[in-house]
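Here is the structure we will look at.
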Amino acid sequence: MKKSHPLRRIVLAGAATVSGIVLLLTLKPSSDPAAASAEGTPQGQQSVAPQGSGGVQAAGGGDQTLTGDVVKTEYGNVQVRITVSGGKITSAAAVQAPTGGRSTEVSTNAVPKLNQAATAAGSADIDAVSGATYTSGGYKKSLQSALDKAGSSSATGGGGSADASGSTGGSTGGSTGGSTGGGAAQAKTLTGTVVETDYGPVQVRITVAGGKITKAEAVQSPSGGRSSQISGDAVPKLNQAAVAAGSADIDAVSGATYTSGGYKKSLQSALDQAGG
């Protein structure tokens, strides 16, 4: 092919253009996100703070919800979650407790008492529930770990050690009320009469101070099979309602009509003993 041939000039011009493009690309600095990622710098990835403390700051308030460590016992795991507000435990719940066979019955009876004791005492210095030694021990350890996460070994609360077992400092009869605690306010513990229901007996014990119900618990409630599950759900709600209302005028828990009715009757008999 002759040097002056038109086709030769076209080929040479094309080659020169390609070479120029390649040269420009090699000189351009890399800004490819994929290249940046390959160097260990993720693109658009948000940093998530670890939740090792178990604490969740509630939006719009000073409440903290803190979950304690899982404590292994011979009968199963125990784990406690608390809400702390103003340096006080405002609620406590066992998110894990031993279940299966006899363990379900023991947990159903013990956990509500331990929850109430933790709220009343404001610390992990609470008594073990009779017949639930391992569950009580695990509960106290998990509760303490939750309090530690709040930045204090003991949130200030109702003061003193709460009677979780219901075996001391309280009335054991239907008509006798023991005085507990000293100081300006005298607290009386009163136990209502046993009310028989179609599914089992219900009996309520309350603590009254300054004319108010400061604590309520069911020392007897229907148990066994489905009844244990119903009591485990209903009794804590009834206890809270009694303290909030300060009377036996509380709503029945859905699905627990008989237990609720027996609870209200026993609660009223306890209030009658207090003269209110």
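Atoms considered below: every heavy atom in the structure, side chains included; atoms not considered: hydrogens, waters and symmetry mates. The first residue of the sequence shown is numbered 1, and numbering continues consecutively from there.
- In this structure, L143 and A118 approach most closely via the heavy-atom pair CD2-CB, 3.7 Å.
- Atom CG of L66 sits about 5.5 Å away from atom CD1 of I82, to the nearest 0.5 Å.
- For the salt bridge (charged side-chain N to carboxylate O under 4.0 Å, His left out) condition, no pair includes a residue of residues 241-270, sequence neighbours left out.
- Scanning both residues, E74 and Y134, for their nearest heavy atoms gives OE2-OH, 3.5 Å.
- Listed by chain and number, the residues in a side-chain contact (heavy atoms from CB on, under 4.5 Å) with A252 are S260 (sequence neighbours excluded).
- Atom CD of Q144 and atom CD1 of I126 lie 10.5 Å apart (nearest 0.5 Å).
- Here the side chain of S142 pairs no donor or acceptor atom with the backbone of V71 at under 3.5 angstrom.
- Minimum heavy-atom separation, A242 to A216: CB-CB, 3.9 Å.
- A salt bridge (charged side-chain N to carboxylate O under 4.0 Å, His left out) check over residues 194-204, counting only residues at least two apart or in different chains, returns nothing.
- Interatomic distance, S221 OG to L238 CG, rounded to the nearest 0.5 Å: 10.0 Å.
- Considering every non-hydrogen atom in both A124 and L147, the closest pair reads N-CD1, 3.8 Å.
- Summarising the geometry, atom CD1 belonging to I213 is positioned 10.5 Å from atom CG belonging to N239; distances are rounded to the nearest 0.5 Å.
- No path of Ile, Leu, Val, Met, Phe, Trp and Tyr side chains, each step under 4.5 Å between heavy atoms, connects V106 with V111, placing them in separate hydrophobic clusters.
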Residues R205, L190; criterion side chain to side chain contact (heavy atoms under 4.5 Å, CB included); working and verdict: CA-CA 6 Å; R205 176 181 293 145; L190 304 146; over 6 Å; no
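- A donor-acceptor contact shorter than 3.5 Å is absent between the side chain of T197 and the backbone of G262.
- Shortest non-hydrogen contact noted between P236 and S231 is CD-O, 3.8 Å.
- Considering only heavy atoms from C-beta on, T191 comes within 4.5 Å of Q203 through its side chain.
- Between the CD atom of Q229 and the OG1 atom of T104 there is a distance of 9.5 Å, given to the nearest 0.5 Å.
- Note on residues 223-241: pairs passing salt bridge (charged side-chain N to carboxylate O under 4.0 Å, His left out), not counting sequence neighbours, are D233-K237.
- A donor-acceptor contact closer than 3.5 angstrom is absent between the side chains of N109 and E105.
- Distance check: I206 CD1 to L271 CG gives 4.0 Å after rounding to the nearest 0.5 Å.
- Applying the ring-ring contact (aromatic ring centres under 6.0 Å, His included) test to pairs two or more places apart or on separate chains, none has a residue in residues 91-117.
- Cluster membership check: V235 does not share its hydrophobic cluster with V204, using side-chain heavy-atom separations under 4.5 Å among Ile, Leu, Val, Met, Phe, Trp and Tyr.
- In this structure, A256 and A234 approach most closely via the heavy-atom pair CB-CB, 3.6 Å.
- Side-chain heavy atoms closer than 4.5 Å link hydrophobic residues (I, L, V, M, F, W, Y) into clusters, and following such links, possibly through other members, connects V253 to V243.
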Would you be so kind as to tabulate the donor-acceptor pairs closer than 3.5 Å made by side chains of residues 90-99, with sequence neighbours excluded?
residue	atom	partner	partner atom	Å
T90	OG1	T83	O	3.1
S91	OG	T83	OG1	3.2
Q96	NE2	Q79	OE1	3.0

